[in-house]
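Read through the structure below, which is laid out as structure tokens, and then see the notes.
Numbered from 1 within each chain, the chains take letters A, B, ... in sequence-line order. In this text, all values refer to a predicted model and were calculated from it rather than measured experimentally. Note that these values count all heavy atoms, side chains included, but never hydrogens, waters or copies made by symmetry.
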Amino acid sequence: MTRAPKYWLMKTEPSAYSIQDLSQEPDQTTCWDGVRNYQARNFMRDQMQLQDRVLLYHSNAKPPAVVGTAVIVREAYPDHTAWDPKDKHYDPKSSPENPRWMMVDIQLEAVFDRPLPLEELRGVRALSKMELLRKGSRLSVQPVRKTEYDAIQKLSRKK
DNA sequence: GCCAACGTTGGC
DNA sequence: GCCAACGTTGGC
């Protein structure tokens, strides 16, 4: 049994890993490692399912923008980078016996013809309640309403 | 580079 | 369980 797909937004700093990097992976697929926030982890672990859709967002970019879409191709499993002392996101409290952090695999679906800058999105009525646009919003994995997802897709095809 | 907003940690 | 101190995120 599968439910209707849900919609998400995931942030990445393009200086660390960009949508262009994703486009060059084998099968244009990667594991979304390095998430170290419980709320974000819980969304991945408890709610993300195969075929769910993801908006990819470039944070700390000039300008910050939604840059494309991806699909969940593997559901949550332990993030092994948390066990590697040399990894930037190493967490000594996580272990193979008792993994604390999870990740999913995503496959690139589309790189938008034009990035949609945060500033532009702030002016869109259909997005007025979007988590990304909330003041102080920092969540790196966040749910998106279907109406919001559709509005952003539509915007990406304009101009 | 600044700093507001937020999350986590740890003493008590 | 409170909350001050600290670390991080991320727009600007």
Going by side-chain hydrogen bond (donor to acceptor under 3.5 Å, both in side chains), name the residues that satisfy it together with A/Lys146, two or more places apart in sequence or in a different chain.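 Partners of A/Lys146 by the side-chain hydrogen bond (donor to acceptor under 3.5 Å, both in side chains) criterion, ordered by chain and then number, come out as A/Asp150.
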Mind checking who shares a hydrophobic cluster with A/Trp83, ILVMFWY linked at side-chain heavy-atom distances under 4.5 Å?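 Taking Ile, Leu, Val, Met, Phe, Trp and Tyr as members, A/Trp83 stands alone, with no cluster partners.
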ILVMFWY cluster membership beyond A/Tyr77 - transitive side-chain contacts under 4.5 angstrom: A/Met103
Which two nucleotides bound the region of DNA chain B that has atoms under 4.0 Å from heavy atoms of chain A, read 5' to 3'?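 Contacts span B/dA5 to B/dT9, reading 5' to 3'.
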Do any of residues 91-106 of chain A sit with a heavy atom less than 4.0 Å from DNA chain B, and if so which? A/Lys93
Residues from residues 112-136 of chain A sitting under 4.0 Å of DNA chain B, heavy atoms only? A/Arg134, A/Lys135, A/Gly136
Could you give all pairs that pass the salt bridge (charged side-chain N to carboxylate O under 4.0 Å, His left out) test and reach residues 122-134 of chain A, with sequence neighbours left out?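 For residues 122-134 of chain A: A/Glu131-A/Arg134.
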Could you pull out every donor-acceptor pair under 3.5 Å between side chains of residues 110-120 of chain A and any protein atom, sequence neighbours left out?
from: A/Arg114; atom 1: NE; to: A/Lys158; atom 2: O; distance (Å): 3.0
from: A/Arg114; atom 1: NH1; to: A/Glu120; atom 2: OE1; distance (Å): 3.1
from: A/Arg114; atom 1: NH2; to: A/Glu120; atom 2: OE2; distance (Å): 3.0
from: A/Arg114; atom 1: NH2; to: A/Leu155; atom 2: O; distance (Å): 3.2

Per the ring pair (Phe, Tyr, Trp, His ring centres under 6.0 Å) rule, what does the pair list look like for residues 130-159 of chain A, sequence neighbours excluded? A/Tyr7-A/Tyr149
May I have all residue pairs that pass ring pair (Phe, Tyr, Trp, His ring centres under 6.0 Å) and include part of residues 21-54 of chain A, sequence neighbours excluded?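 For residues 21-54 of chain A: A/Trp8-A/Phe43, A/Tyr38-A/Trp101.
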One thing to verify: whether A/Arg45 and A/Asp79 come together as a salt bridge, which I'm taking to mean a side-chain N less than 4.0 angstrom from a carboxylate O.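 No, A/Asp79 and A/Arg45 are not salt-bridged.
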A/Arg100: which residues meet the salt bridge (Lys or Arg N to Asp or Glu O under 4.0 Å) condition with it, sequence neighbours left out? none
Reading DNA chain B from 5' onward, which residue's closest nucleotide shows up sooner: A/Tyr38 or A/Asn60? A/Asn60
According to the side-chain hydrogen bond (donor to acceptor under 3.5 Å, both in side chains) rule, which pairs have a member within residues 54-64 of chain A, sequence neighbours left out?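 Counting only pairs at least two positions apart or across chains, the side-chain hydrogen bond (donor to acceptor under 3.5 Å, both in side chains) contacts touching residues 54-64 of chain A are A/Glu13-A/Asn60.
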